[in-house]
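Below is one structure, written out as structure tokens; comments come after it.
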Amino acid sequence: MRVYLPATTSVLRTLVEEGRLTGPHTAFAVTPQLREFYERSDPRADVEELEYAALLTAARASLRLLDIDPVAIRRRVVLAADVPDGEVTPMDDPHVERGAVRVSADVRMQDVASAHIDGSEAEDDVRAAVNVVLEADLGSEDAQFVVDQAEGHELAWYATQELGTALELL
């Protein structure tokens, strides 16, 4: 199953240096709950659109991880990884994001299909969003506006063989 794992540059560095991220992990995927939600709001949404929605939710979760990782560069990071279906359990809880899953296995470098990382132009907006993402989660419209500014930046795509170089250039 393809999962989208929220991360930070610190997490990415661990993956590159150690070759794995020790599980369990919270990630996002195309789950029955996510499909059901989109069937009601956009019945024409295809798998690619649903995967993009899961990736964007993981990018929002990356902001929350940055809030607790003071040494990470202020860029959102999402890892797209393919893990065995049996290692993935959807979180069927109304208090978590649609598409949230628990991955019980380690995520190894060979499981990662790609990484998605903000460019340098996003850093100021991401820094501001990190400072207010929890308020946005609690319903603050002002905070949500700041988070929306960060989420307006497209994440750049990196193949796994480019991750070491991408880290060096940050």
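The residues of the chain are indexed from 1 along the displayed sequence. From a predicted model like this one, the values you see are computed outputs, not experimental measurements.
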With heavy-atom distances below 4.5 Å as the criterion, would you say the side chains of [X] and [Y] are in contact?
X	Y	answer
D82	D111	no
H116	V77	no
L5	V103	no
V107	R20	no

Using only heavy-atom distances, determine whether the side chains of T57 and E97 contain a donor-acceptor pair under 3.5 Å.
no
Classify the side-chain pair R102/T26 by whether it contains a donor and acceptor separated by less than 3.5 Å.
yes
Minimum heavy-atom distance [X]-[Y], with the two atoms named:
X	Y	result
D106	G23	OD1-N, 2.8 Å
A136	A143	N-CB, 3.5 Å
A129	A150	CB-CB, 3.6 Å
F28	V101	N-CG2, 4.0 Å
A7	S62	O-OG, 2.6 Å

Near E48 CD, under 6.0 Å, is it more than 12 heavy atoms from other residues, nucleotides or ligands?
no
Would [X] and [Y] show up in the same hydrophobic cluster when neighbours are defined by side-chain heavy atoms closer than 4.5 Å?
X	Y	result
L170	L79	yes
V112	V11	yes
L155	L15	no
I117	V16	yes
V30	M91	no

Start with the C-alpha distance between R75 and E123, add both sets of side-chain angles, then the distance that settles salt bridge (Lys or Arg N to Asp or Glu O under 4.0 Å), and finish with yes or no.
CA-CA 6 Å; R75 298 190 194 188; E123 282 187 39; 2.9 Å; yes
Carefully, step by step, assess R76 and L63 under the rule side chain to side chain contact (heavy atoms under 4.5 Å, CB included).
CA-CA 6 Å; R76 297 170 299 158; L63 290 174; 3.8 Å; yes
Tell me if a side-chain donor or acceptor on Q149 pairs with a main-chain N or O of V146 at a distance below 3.5 Å.
no
Show the numbers, then the answer: is there a side chain to side chain contact (heavy atoms under 4.5 Å, CB included) between V126 and D118?
CA-CA 9 Å; V126 169; D118 273 317; 3.3 Å; yes
For [X], enumerate each residue passing the side-chain contact (heavy atoms from CB on, under 4.5 Å) test, keeping only those at least two apart in sequence or located in another chain.
X	answer
Q110	R108
D93	H95, V96
Q33	T31, P90, D92

Could you walk me through whether E39 and R35 pass salt bridge (Lys or Arg N to Asp or Glu O under 4.0 Å), step by step?
CA-CA 6 Å; E39 284 174 3; R35 284 182 195 277; over 6 Å; no
Please report the interatomic distance [atom1]([X]) to [atom2]([Y]), rounded to the nearest 0.5 Å.
X	Y	atom1	atom2	result
R98	L50	CZ	CG	12.5 Å
R2	S114	CZ	OG	6.0 Å
R60	E151	CZ	CD	4.0 Å
E18	R13	CD	CZ	12.0 Å

According to the side-chain hydrogen bond (donor to acceptor under 3.5 Å, both in side chains) rule, which pairs have a member within residues 131-144, sequence neighbours left out?
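Found R64-D137, Q144-D148.
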Kindly list each side-chain donor-acceptor pair under 3.5 angstrom involving residues 160-169, sequence neighbours excluded, with atom names and distances?
{"unit_1": "E162", "atom_1": "OE1", "unit_2": "A159", "atom_2": "N", "d": "2.7"}

Tabulate below the donor-acceptor pairs under 3.5 Å that side-chain atoms of residues 66-73 make, not counting sequence neighbours, or state none.
{"unit_1": "D69", "atom_1": "OD1", "unit_2": "S10", "atom_2": "OG", "d": "3.4"}
{"unit_1": "D69", "atom_1": "OD1", "unit_2": "A72", "atom_2": "N", "d": "3.4"}
{"unit_1": "D69", "atom_1": "OD2", "unit_2": "T8", "atom_2": "OG1", "d": "2.9"}
{"unit_1": "D69", "atom_1": "OD2", "unit_2": "S10", "atom_2": "OG", "d": "3.0"}

Output, in order, the C-alpha distance, side-chain angles, deciding distance and verdict of side chain to side chain contact (heavy atoms under 4.5 Å, CB included) for V88 and V3.
CA-CA 9 Å; V88 179; V3 298; 4.2 Å; yes
